[in-house]
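Here is how names work: the chains are called A, B, and so on, in the same order as the sequence lines, proteins then strands, and each is numbered from 1.
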Amino acid sequence: MSSSYTITLPDGSQKQVPPGSSPLDVARAIGSRLADDAVVARVNGELWDLTRQFEDDSKLEILTSRSGDEALKVYRHSTAHLLAAAVLELYPGTKLGIGPAIESGFYYDFERETPFSTEDLEAIEKRMHAIRDRDVPYQRVLVEKQEGLKHYQELGESMKCELISEKASDIFTEYTLGEQFIDFCLGPHVPSTKRLKAFKLLSVSGAYFKGDQKRQQLQRIYGTAFFSQKELEEYLHRLEEAKRRDHRLLGKQLDLLSIQELAGPGLIFFHPKGALVRKQLEDWMREQYLARGYSLVNTPHVARESLWSVSGHLENYKESMFSGMELDDGVYRLKPMNCPMHILIYKDSPRSYRDLPVRLGELGNVYRYERSGTLHGLFRVRGFTQDDAHIFCTPEQIEDEITACLQFAVDTLKTYGFDRYKAELSTWDGGVSGKYLGSADQWKLAEDALHRATERVGLEVKVVPDEAAFYGPKIDVKLLDCLDRSWQLSTVQFDWNLPQRFELEYVGQDGEKHRPMMVHRALYGSVERFFGILLEHYAGAFPVWLAPVQAIVLPIADRHLEYAKTVVARLEAEGFRVELDARSEKVNFKIREAQLQKIPYMLVVGDREAELGKVGVRNRKHADQGAQNLDEFVATLKTLIEAKAVSE
RNA sequence: GCCGGCGUAGCUCAGUAGGUAGAGCAUCUGAUUUGUAAUCAGAGGGUCGCAGGUUCAAUUCCUGUCGCCGGCUCCA
């Protein structure tokens, strides 16, 4: 054993340390501030506890609260252990599931007969603070597997035993926290609880052990943790902000839509104002279809069950379909997808290679029997409208077609004011499992085409292997909204299943029959869902071109009503969506209501305006803009609408 | 579908240790004629989600059911 180890730091400098030294010792040697701020170490590329002793010459990097996600993840994972330790102190006999760090914090799963209440959560959080203040070290212990198993059995930790049997190697690591708490865990952790500065428990909910519906249901406590109180508070503010922007709340406040208990859950009623916004979304999409070489079609909402047998939906998608309707001539089903309908149109006439590509687009209403517990506002519904199109083409055309689809998707996002998005390319497993349909050649052709298309459009793409649909690879486009939340939107999917099932053909240049390539693509995904995303993104203040009411005229006194009416008439003649608030209320009152309705422009008209043919322009974001000639205002509004400006 | 919470006027919510309910806003009526985020007064409005059960009596307690919320699961 050498008398000292050489530790190499990221800047290339080296330090000699005696055996028994740990990364924390090195950090101290560099500076006490670094030691205080250190969270975890990276030793020879691996994350280590700061207090773990070096075993050889090593490369060392100290990760601090400024080192980004890795350090934060460790920190949160340690907080999860703190949570579990507090729960065991307060509720002895509770059994442990797993407790990982997740994107926005951490959770820990517990098995206990009595459910945790909100008050329990407060008590637990209090206890967490108490343990934190005791400054308890996280200690890493090496355990021999059989011995360890025995120990966890004695503790009655059956879930831990199961995890150890499955995952542990002959010698595994566990972490202790105080006298009571031990946990089978890879680590690493922060050195002691006093490092945990800012955390909060957020909610409790059910979760299955290992996510398996057949296993016991556990109670999952969610929380979050940050390096500083300030960051924690910012996060909590963001949650508040998200709540304020909740489309279910705004949908009601702005009288855009409702869900009616009498009609059934997951079914959306668009009220007049919501329907006006929706019309803009639909009109824009239909115009784009036509401008980009698609043909618009319309297809029925129900069809004979035999159609769904041929398509395979009855076989593979039955659980998500509404059950059948018995009619005189057999059973009919509501459509969960539009593809078979579009295929029937394709098949209705013989197709030549000269006809291809055939692009059939529709805003198609589909109905899916989503499980009751999954329904959520506009985001997860049972009846919705897909901006669905299917492209039938030759293998030679495929790359250009995909490229055009992706470009279309990006243009769509930009139009609605989203400038941050990313793409995911879901590929197959190379044929290993046999669960994918189609030949290696087919997959290669399709995946290559998808890849090249993303390059041509300049889309950053992440490849996710073995995530494709069984019938072909796909690209999903996700957007980030103003609160950094990610939403899946557009999808472009290959399909060699349906063309085969429906025996689609075209006559090639060689006079022979060939099977066309088929691509499903949806850009909004679901019009309802996209509406919800927009509503939250803009917090209800839709850009002028989408706003259900673009301007409201507010006469100051009844004697200005007549002039107000001429203003309304003029604006309506220009094609604007205008309202008049004719009530004998004070302007302040009318303004307040218009503000709350987030109407972009309020036009105050009194003696001064009536005399000069002007309007007093108030904008919802920039307040009083002063008096303008009506013509001037008309021109401004026109410009904004034509440009589809996202801010005014 | 599963676990937990919730369901009182159009909306937001209070209340009843079991004796059929109240506020603010909204609505209606009247007064007010108003200059950039709430004028005043009066009136109407509820089978306390729905169905059973316990009870002299249920909105309140129990059971079931429907719906909503937070998650899980699912997302061909």
Side-chain angles (χ1 to χ4, degrees), chain A residues 97 107 109 111-118 120-121 202-222 243 246 248-249 252-253 255 258-266 308 311-321 336-337 339 366 368-377 379-380 437 467-472 474 476 488 491 493 495 497-498 520 525-526 554-561 583-597 601-610 616-620 622-627:
Chain A
Y107 67 80
D109 285 343
E111 189 177 8
R112 175 174 178 248
E113 284 207 4
T114 334
F116 292 114
S117 66
T118 332
D120 292 338
L121 238 53
L202 297 172
S203 62
V204 55
S205 66
Y208 299 102
F209 184 45
K210 294 183 180 170
D212 182 349
Q213 214 171 333
K214 293 183 194 76
R215 302 298 302 263
Q216 71 267 42
Q217 181 119 23
L218 308 174
Q219 297 186 58
R220 176 170 296 178
I221 296 181
Y222 283 92
K243 225 190 241 172
D246 192 315
R248 293 166 299 184
L249 203 67
K252 191 180 266 186
Q253 283 169 356
D255 195 17
S258 64
I259 297 170
Q260 300 288 335
E261 186 168 340
L262 189 56
W308 309 109
S311 70
H313 286 93
L314 221 44
E315 202 179 312
N316 298 307
Y317 199 61
K318 193 172 183 177
E319 278 190 11
S320 299
M321 291 174 73
M337 295 187 192
C339 12
V366 296
R368 298 183 183 177
Y369 187 73
E370 300 288 352
R371 294 192 194 178
S372 60
T374 64
L375 300 173
H376 181 97
F379 290 163
R380 192 121 191 128
L437 206 74
E467 278 295 318
F470 77 82
Y471 49 73
K474 61 171 180 178
D476 293 324
Q488 171 164 346
T491 182
Q493 308 193 355
D495 190 339
N497 177 42
L498 289 177
H520 307 253
S526 137
L554 312 177
I556 285 174
D558 291 349
R559 65 174 179 280
H560 307 120
L561 207 50
R583 297 174 300 176
S584 29
E585 296 286 353
K586 293 191 164 185
V587 210
N588 276 331
F589 181 80
K590 297 183 186 181
I591 286 176
R592 178 181 153 81
E593 293 213 333
Q595 279 292 151
L596 291 174
Q597 286 298 306
Y601 286 99
M602 287 149 264
L603 305 177
V604 177
V605 294
D607 292 331
R608 300 202 292 269
E609 289 77 13
V617 178
R618 179 187 167 99
N619 175 271
R620 64 183 165 192
H622 311 301
D624 195 351
Q625 307 286 289

Item to complete: For atom CD of E319(A), decide whether the heavy atoms of other residues, nucleotides or ligands shown that lie under 6.0 angstrom number more than 12.
Response: no
Worksheet item: Reckon E609(A) touches a base, only the sugar-phosphate, or nothing at all at heavy-atom distances under 4.0 Å?
Response: base
Fill in: Earlier contact from the 5' end, RNA chain B, for R620(A) and D495(A)
R620(A)
Discussion item. So if I take every side-chain heavy atom of V604(A) and compare against rG70(B), rG35(B), rU12(B), which nucleotide ends up nearest?
Written reply: rG35(B)
Worksheet item: In terms of ring plane angle, is the pair W308(A) and H313(A) parallel, tilted or perpendicular, where the classes change at 30° and 60°?
Response: perpendicular
Discussion item. Would you measure the distance from the P atom in rC13(B) across to the matching atom in rU8(B) and give it in whole Å?
Written reply: 9 Å
Discussion item. So N588(A), base contact, sugar-phosphate only, or nothing? Heavy-atom distance under 4.0 Å.
Written reply: sugar-phosphate
Worksheet entry | Nucleotide rA76(B), atom P - distance to CZ of R380(A) in whole Å | 9 Å
Worksheet item: Given rC72(B), rU36(B), rU32(B), which nucleotide is nearest the side-chain atoms of S584(A)?
Response: rU32(B)
Worksheet entry | From rU39(B), rG35(B), rG71(B), nucleotide with atom closest to D607(A) side chain | rG35(B)
Practice prompt. In whole angstrom, give me the gap between the C1' atoms of rA14(B) and rA9(B).
Written response: 13 Å
Practice prompt. Please tell me which of the listed nucleotides, rG70(B), rA76(B), rU34(B), lies nearest to the side chain of R248(A)?
Written response: rG70(B)
Item to complete: Looking only at side-chain atoms of Y208(A), point me to the closest of rU39(B), rG71(B), rU73(B).
Response: rU73(B)
Fill in: Rounded C1' spacing from rC6(B) to rC48(B) in Å
14 Å
Worksheet entry | Residue-phosphate contact under 4.0 Å: Y107(A) side-chain N/O, rG71(B) OP1/OP2 | no
Practice prompt. Taking atom P in both rU12(B) and rG7(B), compute the distance separating them and give it to the nearest angstrom.
Written response: 13 Å
Practice prompt. Among rG67(B), rG70(B), rG35(B), find the nucleotide with the atom closest to the side chain of E261(A).
Written response: rG67(B)
Response to the item:
Ranking rC74(B), rA37(B), rA76(B) by distance to the side chain of T374(A), first place goes to rC74(B)
Worksheet item: When rounded to the nearest 0.5 angstrom, what is the spacing between CG in D624(A) and CE in M602(A)?
Response: 10.0 Å
Discussion item. Suppose you measure atom P in rU59(B) against the same atom in rG53(B); what distance do you get, rounded to whole Å?
Written reply: 13 Å
Response to the item:
Closest to the side chain of K586(A), out of rG1(B), rU39(B), rA38(B), is rU39(B)
Practice prompt. With P as the reference atom in both, quote the distance from rA23(B) to rG45(B) in angstrom, rounded to an integer.
Written response: 13 Å
Worksheet item: In dot-bracket notation, what is the pairing pattern of RNA chain B, taking Watson-Crick (N1-N3 plus N6-O4 or O6-N4) and G-U wobble (N1-O2 and O6-N3) contacts under 3.5 Å, with [ ] crossing and | for other strands?
Response: (((((((..((((.....[..)))).(((((.......))))).....(((((..]....))))))))))))....
Worksheet item: Which nucleotide in the list rC68(B), rA37(B), rA76(B) gets nearest to the side chain of N316(A)?
Response: rA76(B)
Worksheet item: Reckon R220(A) has a side-chain N or O less than 4.0 Å from the OP1 or OP2 of rC3(B)?
Response: no
Practice prompt. Under 4.0 Å between any heavy atoms, over every strand shown, what does D109(A) touch: base, sugar-phosphate, or nothing? Just pick one.
Written response: nothing
Fill in: Residues in salt bridge (charged side-chain N to carboxylate O under 4.0 Å, His left out) contact with E593(A), at least two apart in sequence or another chain
R583(A)
Fill in: I591(A), nearest nucleotide to its side chain (from rA38(B), rU33(B), rU36(B))
rU36(B)
Fill in: Rounded distance in Å between the P positions of rA26(B) and rG42(B)
15 Å
Practice prompt. Pick base, sugar-phosphate or nothing for A207(A), based on heavy-atom distances below 4.0 Å to the nucleic acid.
Written response: sugar-phosphate
Worksheet item: Checking all strands, does R559(A) fall into the base, sugar-phosphate, or nothing category for heavy-atom contacts under 4.0 angstrom?
Response: sugar-phosphate
Worksheet item: Of Y471(A) and Y369(A), whose closest RNA chain B nucleotide lies nearer the 5' terminus?
Response: Y369(A)
Discussion item. Is the ring pair F379(A)/H376(A) parallel, tilted or perpendicular, if the boundaries are 30 and 60 degrees?
Written reply: parallel
Worksheet item: Under 4.0 Å between a side-chain N or O of K590(A) and OP1 or OP2 of rG35(B)?
Response: no
Worksheet item: For atom P, what is the distance between rG1(B) and rG64(B), given to the nearest Å?
Response: 15 Å
Worksheet item: If you look at every strand shown and take non-hydrogen atoms under 4.0 Å, does E315(A) touch a base, only sugar-phosphate, or nothing?
Response: nothing
Worksheet item: At under 4.0 Å, does any side-chain N or O of H376(A) touch on OP1 or OP2 of rC68(B)?
Response: no
Discussion item. Whether the Q625(A) and Y601(A) side chains hold a donor-acceptor pair (N or O, under 3.5 Å, no angle test) is what I'd like checked.
Written reply: no
